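This report refers to the structure that appears directly beneath it.
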Amino acid sequence: MRELIRSGDPVRLSFLTALLADAGIDSLILDTHSSIMQGSLDILPQRLMVADDDLARARRVLIEAEEMRADEATS
């Protein structure tokens with residue numbers, strides 16, 4: 001599994017998960033409980049993860065949807 005993006009916004013993460021699912025890409029959100037426990041301080045954002053084999057395609061999906069910049073995709 002590889003990290004695709006980090007966010008403290010659960011609505012955005014839900015939307016990104018739906019975009020990936022529409023493209024046939026399975027994803028997983030990690031750190032949900034830890035992020036909830038720390039409240040709205042945004043100290044511990046949640047991580048959207050995808051399989052190693054899906055990483056490049058997932059990045060393209062988010063870039064095309066303007067939810068990720070191309071320069072973020074290289075990191």
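It should be emphasised that the depicted structure is a prediction, and the values quoted were computed from it without experimental measurement. Count residues from 1 along the sequence.
Rounding to the nearest 0.5 Å places CD1 of Ile5 at 13.0 Å from CE of Met49. To the nearest 0.5 Å, atom CG of residue Leu20 and atom CG of residue Asp26 are 9.5 Å apart. Expressed to the nearest 0.5 Å, how far CG of Asp54 lies from CG of Leu4 amounts to 10.0 Å. Separation of atoms CE (Met1) and CZ (Arg47) is listed at 10.0 Å; rounding is to 0.5 Å. Taking CG of Leu30 as the reference point, atom CZ of Arg6 lies at 10.0 Å (rounded to 0.5 Å).
With sequence neighbours excluded, the residues satisfying side chain to side chain contact (heavy atoms under 4.5 Å, CB included) with Thr17 are Ser27, Ile29, Leu48.
A distance-only check finds no donor-acceptor pair linking the side chain of Arg60 to the backbone of Leu55 [under 3.5 Å].
The two residues Ala23 and Arg57 come nearest to each other via the heavy atoms O-NH1, 2.8 Å. The minimum heavy-atom distance linking Ile63 with Ala70 is given by the pair CD1-CA, 3.8 Å. For Gly8 against Pro45, the heavy-atom pair with the smallest separation is N-CB, 3.9 Å.
In this structure, the side chains of Glu67 and Val61 stay at 4.5 Å or more apart for every pair of heavy atoms.
Transitive grouping of hydrophobic side chains (ILVMFWY, heavy atoms separated by less than 4.5 Å) keeps Met68 and Leu28 in distinct clusters.
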